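Report on the following structure.
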Number of protein chains: 2
Amino acid sequence: MTDPTQRAAHGAGERASLPMMDTLPTATQLCASILARHQDTISVRKPNIAVARLQQILEVAIDLSNKGGFQAMSLRDLSRETGMSAGGLYAYFDSKTTLLKMILSEVADLVQRVLSSPPAAVTADPVMHLRWLIDTHLRMTEALLPWFTFAFMEAKNFPPAERRMAVDSEMLTESFFSAVVLRGMEEGVFRPDTSPLLPALIKPLLQEWYVKRAKYRRRGITLESYSAEVQQVVLRACLPEAGLFTMPPIRKSGDARP
Amino acid sequence: MTDPTQRAAHGAGERASLPMMDTLPTATQLCASILARHQDTISVRKPNIAVARLQQILEVAIDLSNKGGFQAMSLRDLSRETGMSAGGLYAYFDSKTTLLKMILSEVADLVQRVLSSPPAAVTADPVMHLRWLIDTHLRMTEALLPWFTFAFMEAKNFPPAERRMAVDSEMLTESFFSAVVLRGMEEGVFRPDTSPLLPALIKPLLQEWYVKRAKYRRRGITLESYSAEVQQVVLRACLPEAGLFTMPPIRKSGDARP
DNA sequence: CCTTATCGAGCGAGCGTTCGGTAGATAGAG
DNA sequence: CTCTATCTACCGAACGCTCGCTCGATAAGG
């Protein structure tokens, strides 16, 4: 899976030269991770019960928050939709703010974990690495759309502590892009006058995909075509003019449309 | 001010070939516009009193909302900071939601007014027109930063009616960009295979500037350099390769730094 | 003396959170 | 296997508080 030479088509899922990320965690795995990180505030001891309940609570909380905002979601709403009592909920968090922090920190952690472990196949070439970062970020947000929508909508409007967490996560993401761009410039793959602002401009293009997901669904835009376009725009901004003519096709069409 | 031939330098404020937008309204003018639009819900009759008070109320409301969110701002906070009583405030709006709508609709209206009236100098050339749209949007948000921050932060998380308003405004902004891109393609100035997604990608790049204003201030990035970079990225995405070599300098440096 | 702009105590609703209580699972003793 | 003591996960009424909003009183200008 990580050998750069083994990129040939293999069946209907035929893909372009860009390797996939390693598999993403499921929502259940995220909840298990959250449970482990908050053992002290979660009073339920049996892990299978706790994970199942926590997943239920978080999914409902994310769902309710994504229409109307986290502050607008009352614990009575959460109680009604989960079928649990108010007191029962407090076995899983000690305050509403803790509930928020659970989700935000898990999402921030996930981004860091996924983007910091590219397959060996892409790290050799800055162009490939950059394209992999873009594509992987988009696929990650697509797979866990409600979680990222929640994190984006709620990261602002909150006390210094949580706010700092969001800013740090944002900076970390940008640093992945700027590291690759810098390396590409050092290796002469990217234009020497590539703007230092470019890495900062990539993040909003990736956020656009999940923040305005409904808009692109309405227009019939696939993740593949969006990813390809962002890669195009970014590469055109940093590749030398001569390089544009030899720019590889971003992704074969007719792929992975369910 | 709109004569395309009078672009020569005139003093220290010397500028590049890109013409400025016509002058922007002041906060006071925006408030007068809001007052006119909400005559029926505002019970204060003397216009000079009403405009002054309304401006005070809106500025405090925007300020408080921009730390903590609109929902988190209580009318008691607003009462304390404005020095007005709770009852007194209700002479200027009939509900907290109306207060929100006043600001959102005025911002949406402003964007439409400003972007739909380019100076005659730029409409002839799609490249110039596109650059003017980008630069003007950035300067407008810079001049009325708290208003746009407010509109961005509060447009989500609200009932269908207000939400629709935000979506419509967003679509309208995008339509300005796509109209120019389309015309440029028809005239052969832009690449015929320019992605139909490009116009949608411009908006998040413009929002980035005012949403993350603190970040760019910390890094010492000027509006001029940010505007130049976005223009670069967008033009590289739609100009033919050959056109890149003849791309005009975006904006002279050492300009308009207070 | 009427009009107009403002005041501020107070209302009902709803919020996050607590806590005494309970049903069912669990486990050790007989 | 049965009885019983203990524990665990959950319940839901109640508390203190803050919210958006109302309304009769009031002060100042013409």
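Numbers restart at 1 for each chain; the letters A, B, ... are given by sequence-line order, proteins then strands. Quick note: numbers below take in every heavy atom, side chains included, and nothing from hydrogens, waters or symmetry partners. Keep in mind the model is a prediction, meaning the values are calculated, not measured.
Using cut-offs of 30° and 60° on the angle between ring planes, the pair A/Trp209 and A/Tyr226 is tilted. Using cut-offs of 30° and 60° on the angle between ring planes, the pair B/Phe150 and B/Phe70 is perpendicular.
Across the protein-nucleic acid pair, A/Gln71 atom CD and D/dT18 atom P stand 16 Å apart, rounded to whole Å. A straight line from CG of A/Asp77 to C1' of C/dC15 spans 11 Å, rounded to a whole angstrom. Regarding B/Ile57, its CD1 atom lies at a distance of 14 Å from the C1' atom of C/dC7, rounded to whole Å. Counting to the nearest Å, the C1' atom of C/dG14 and the CE atom of A/Met73 are 15 Å from each other. Look at CG on A/Asn48: it is 15 Å from P on D/dT8, rounded to the nearest Å. Nucleotide D/dC19 holds its P atom 9 Å from the NZ atom of B/Lys96, rounded to whole Å. Atom CD in A/Gln56 sits roughly 15 Å away from atom P in D/dA9 (whole-Å rounding). We find that CZ of B/Arg80 is positioned 14 Å from C1' of D/dC19, with the value rounded to whole Å.
Comparing D/dC10, C/dT26, C/dC7 by their nearest atom to the side chain of B/Met84 picks out C/dC7. Checking D/dC21, D/dC11, C/dT6 against every side-chain atom of B/Ala91, the shortest atom distance belongs to C/dT6. Closest to the side chain of A/Val44, from the set C/dG16, D/dG20, D/dA9, is D/dA9. In this structure, the nucleotide among C/dT6, D/dC10, C/dA5 sitting nearest to the side chain of B/Ser85 is C/dT6. The side chain of B/Leu75 has D/dC21 as its nearest neighbour among D/dC21, C/dG16, C/dT6. Set against C/dA5, D/dG12, C/dC7, the side chain of B/Ile49 has C/dA5 as its closest nucleotide.
As judged by a 4.0 angstrom heavy-atom cut-off over every strand, B/Arg76 is placed among the base-contacting residues. Residue contacts for B/Ser43: at a heavy-atom cut-off of 4.0 Å it reaches the sugar-phosphate backbone alone, with no base atom in range. Among the protein residues, B/Ala86 comes within range of the nucleic acid bases, having at least one heavy atom under 4.0 Å from a base atom. Within the nucleic acid shown, B/Phe93 has no heavy atom closer than 4.0 Å to any nucleic acid atom. Here B/Ser95 lies in heavy-atom contact (under 4.0 Å) with sugar-phosphate atoms only.
Of the two residues near DNA chain C, A/Asp94 and B/Tyr92, the one whose nearest nucleotide lies more 5' is B/Tyr92. Where B/Gly88 and A/Lys46 each meet DNA chain C at their nearest nucleotide, the meeting point lying more 5' is that of B/Gly88.
For CZ of A/Arg164, the number of neighbouring non-hydrogen atoms (other residues, nucleotides, ligands) closer than 6.0 Å is 12 at most.
Taking only side-chain nitrogens and oxygens, B/Ser74 never comes nearer than 4.0 Å to OP1 or OP2 of D/dT18. Checking the phosphate oxygens (OP1, OP2) of D/dC7, no side-chain nitrogen or oxygen of A/Arg45 falls inside 4.0 Å. Listed pair B/Tyr90 / C/dT6 fails the phosphate criterion, with no side-chain N or O lying under 4.0 Å from OP1 or OP2.
Looking at heavy atoms from C-beta onward, A/Val234 lies out of side-chain contact with A/Phe177 at the 4.5 angstrom threshold.
Contacts of B/Arg218 classified as side chain to side chain donor-acceptor pair (under 3.5 Å), with partners at least two apart in sequence or in another chain: none.
No hydrogens or angles considered: a donor-acceptor pair under 3.5 Å links the side chains of A/Thr98 and A/Ser95.
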